[in-house]
Amino acid sequence: MRIYFEDYSYKPSLIEPYLGGMDILEHDSNMTSFKVRRIGYLFVSTEKYSGPVFILPKSFLVNEGSRLNVLGMEGIFPEDVVETDPDENPDAPANPLAKVGKETLLPELSLWLYRALRRFLDENIGTEICAEAELDAQFPEDGARDKDLLSITLALIDFLKDHRNLFTQISIINHSGRNKIDWHKTVSRDPLIQNGEPWYIKLAIREKSINIDDRLIVLYYSVLNYLRRKYKFPVSIGEVPYELLPVHTIQRYLETGIGSKELQRIRHHYFRDDLKHLWTLLDSFFTHNSTDRDEGKRKEYILVSNFNIVFERMMDALISDTHGVEELKNQSDGKLVDHIFRYKSLIGRHTEIYYIGDSKYYSDTNRPEGVALYKQFTYAKNAIQYHIDKIYLPGKSEGTLHYRDKYTEGYNITPNFFIRSRVTKEDLSFDNPAIEMTYWDKKKHLEYPKTNKHFEDRLFDRDTLILREFKINLLFVIAAYAGYEEEYWKSDFHRIIRELFIESIDKEYEFFILTPQNEDINKFHYLYFEWINGKVYTLESDNKTAPEHLLLAFEKNDTGKKDKEAFLSQKLREYNTGKELLYDLQPITLAELNKM
């Protein structure tokens, strides 16, 4: 197996003999090397090499110092990991990933990437999205689906995961009775007579020839071992109670067609459905991967040019709602929101709000700016207006979905975010999303994107739109999408994103629970309107009675400090009675509020 990286410049000798006939290579700017701008899998049949080739996304190359390093591991460059099978080129230096215990990482990533691209193709074939991604695919043309090398390989690996108990059971049954003494045959022989007693020196031992089931299983485990040793695919075989065929024997079975003939010999010995299925998988492996077949060059590939489109679909599957958001996702002004889901509001635990996201595949050095920022703020504005037009103004029941506060005319915080892929040598896990908030712009010392607002220090104003950016482990995204694991992870994603939003807003604002002592919320807000307009939002009530508490927010900057001092300095009195308007003010954070 050979592994290349998208958009990386390789010496001609490393890439041209293998991919030169595929019409996917381009000269780099200095015309001395080649690069490939596509991502995916292809099976190559050339005089130089016959086997699978993977082209991985350039995001897995991280700039360390002056050069791009594989997975951010200093001193490990793309040229060093092209070949995974030392038998292909015995003179090549050892794979440096093996020295750090990561020899199988890129092959495992390659399998997950293939699964992800197949899912993307299956779900979007014939659509504009597939065309936009510029995805091309071709598989065996014998009328049988999933007969390409990787589909069969994955099916064989998955079969092991699902049937380990089957193999243990068969092994126990087939080995029972072996190596026991056959007394009937033993006593039929002439004994040695000593002191008048017969002694049987030569014992007849029951020897069972290998069971047909055993033969099938030996072939199966031998193929798994072949895939593990030759391609470094992540196959955990465990202890096997059989003597396996060497890797070179399986290779010979493929090159000569012996493997297919051996399977045909034992074809009609199976009655169990699971063993029949295993036989079919092995037959496909040996038949469709045999170099003995006289059918010219194989054509297998699945390649995509615009991987950012695939990344958007992967993230959408993992975090977006699939029902009830169609109109919000396809907005009336023609804009298409990447991701949207309904989840707990940032204020309290009993109301909900729509979270709006946009995924970015490009590297950290490319900050969203200009049109990208404008569009993202527009998505949030459209979501607020949609709720006002469709639910609030017609007087429909809001249920738990809260935007506009009818008591203070404040607006709930609409969580709005970018999410981009991340690769770091500190976390090379396929099962940990590792979602974190990014530091927006270190040069400008901006921890978060600049908030879009018309007025300073009015968190609950309709035009105060907060935007954040998160990063997520790209290894995890590919594996989770490829494994159809979105329903398992989706609620965790929503919770983590909400918690990170709350943590960040607590850094920018200080909050207080304001409780009027001798007036209701409406009158208090009316009299203090000048000082708290856009700064308050009512805490939850049962919608039948007026709430008793306000959430008051001041920005943690000079403007917020002045506004807070101005509010606290007021000693307003009720117009008719002249009584001073008293209130309790309890400091609190959003994080603390959400524990109440």
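Nothing here was measured: the structure is a model prediction, and the numbers come from that model.
- When the shell of 6.0 Å around CD of E243 is examined, it contains 12 or fewer heavy atoms from other residues, nucleotides or ligands.
- Side-chain atoms of Y484 never come within 3.5 Å of backbone atoms of E487 as a donor-acceptor pair (strictly under, hydrogens ignored).
- Under the 4.0 Å criterion applied to side-chain N and carboxylate O atoms, E74 and K425 are not assigned as salt-bridge partners.
- The minimum heavy-atom distance linking L156 with L281 is given by the pair CD2-CB, 3.6 Å.
- Counting non-hydrogen atoms of neighbouring residues, nucleotides and ligands closer than 6.0 angstrom, the OH atom of Y439 exceeds 12 such neighbours.
- In this pair, F233 and Y231 present their aromatic rings tilted. The plane angle is within the 30 to 60° band.
- Residues V337 and G357 share a closest heavy-atom pair of CG1-O, 4.2 Å.
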For this session: Go through the steps for I258 and T249 under the test side chain to side chain contact (heavy atoms under 4.5 Å, CB included), then give the verdict.
Result: CA-CA 10 Å; I258 291 177; T249 299; over 6 Å; no
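- Between K11 and E79, none of the side-chain N atoms (NZ, or NE/NH1/NH2) sits under 4.0 Å from a carboxylate O, so this pair counts as no salt bridge.
- F311 places a side-chain heavy atom less than 4.5 Å from the side chain of L474.
- To the nearest 0.5 Å, atom CG of residue D316 and atom CG of residue D358 are 10.5 Å apart.
- By the 4.5 Å heavy-atom criterion applied to side chains, L117 and L121 are not counted as neighbours.
- The line from CG of D338 to NZ of K360 is 7.0 Å long, rounded to the nearest 0.5 Å.
- In summary, of the residues considered (Y41, F5, Y301), a ring pair (Phe, Tyr, Trp, His ring centres under 6.0 Å) with F54 occurs for Y41 alone.
- Applying the 6.0 Å contact sphere to CD of E128 captures no more than 12 heavy atoms from other residues, nucleotides or ligands.
- With respect to the salt-bridge test (charged N to carboxylate O, under 4.0 angstrom), the residues E485 and R119 do not qualify.
- In plain terms, the two heavy atoms of L275 and L216 that are nearest each other are O-CD2, 3.8 Å.
- Annotation: Y114 is not in aromatic contact with F43 [ring centroid separation under 6.0 Å not met].
- Smallest separation of non-hydrogen atoms from V62 and V423: CG2-O, 3.8 Å.
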Problem set entry | Audit row: L19, R2, side chain to side chain contact (heavy atoms under 4.5 Å, CB included) steps and yes/no | CA-CA 11 Å; L19 299 179; R2 299 181 68 82; over 6 Å; no
Exercise. Which is it for L160 and Y220 under the side chain to side chain contact (heavy atoms under 4.5 Å, CB included) test, yes or no, and what are the steps along the way?
Worked result: CA-CA 9 Å; L160 178 64; Y220 175 56; 3.1 Å; yes
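- A side chain to side chain contact (heavy atoms under 4.5 Å, CB included) with S320 is found for exactly one of M315, E486, H339, namely H339.
- Side chains of L97 and K232 form no contact here, defined as non-hydrogen atoms less than 4.5 Å apart.
- The CG atom of D492 sits 5.0 Å away from atom CZ of R495, with the distance rounded to the nearest 0.5 Å.
- At a threshold of 4.5 Å between non-hydrogen side-chain atoms, the residues S50 and V44 do not count as touching.
- Of the residues listed (D321, I319, V325), the one engaging I340 in a side chain to side chain contact (heavy atoms under 4.5 Å, CB included) is V325, and it is the only one.
- Surrounding CD1 of I125 are at most 12 heavy atoms belonging to other residues, nucleotides or ligands under 6.0 Å away.
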Exercise. Should E123 and R313 be marked as a side chain to side chain contact (heavy atoms under 4.5 Å, CB included) after you check the CA-CA gap, both sets of side-chain angles, and the distance that decides it?
Worked result: CA-CA 10 Å; E123 293 179 346; R313 298 299 289 185; 5.8 Å; no
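- The distance from the CG atom of L154 to the CZ atom of R118 is 9.5 Å, given to the nearest 0.5 Å.
- By the 4.5 Å heavy-atom criterion applied to side chains, E300 and L150 are not counted as neighbours.
- Here the side chains of L263 and T287 are not in contact, with every heavy-atom distance at 4.5 Å or above.
- Annotation: side chain of I39 is not in contact with side chain of K58 (no heavy-atom distance under 4.5 Å).
- Put simply, CD1 on I129 and CG on N306 are 13.0 Å apart, with the number rounded to the nearest 0.5 Å.
- Salt-bridge check for E262 with R265: passed, with a basic side-chain N closer than 4.0 Å to an acidic carboxylate O.
- The minimum heavy-atom distance between I478 and F307, with the atom names listed, is CD1-CZ, 4.5 Å.
- Rounding to the nearest 0.5 angstrom, the gap separating the CZ atom in R422 from the OG atom in S59 is 12.0 Å.
- Paired with F476 under the rule ring pair (Phe, Tyr, Trp, His ring centres under 6.0 Å), one option of F430, W112, W489 passes, and it is W489.
- Here the shortest heavy-atom pairing between T32 and P12 reads O-CD, 3.4 Å.
- Using cut-offs of 30° and 60° on the angle between ring planes, the pair F341 and F417 is tilted.
- For an aromatic pair to be called close, the ring centres must be under 6.0 Å apart, and Y355 with H494 fails this.
- For R38 and E6, the salt-bridge test fails: no basic side-chain N is under 4.0 Å from an acidic carboxylate O.
- Side chains of Y226 and Q251 form a contact here, defined as non-hydrogen atoms less than 4.5 Å apart.
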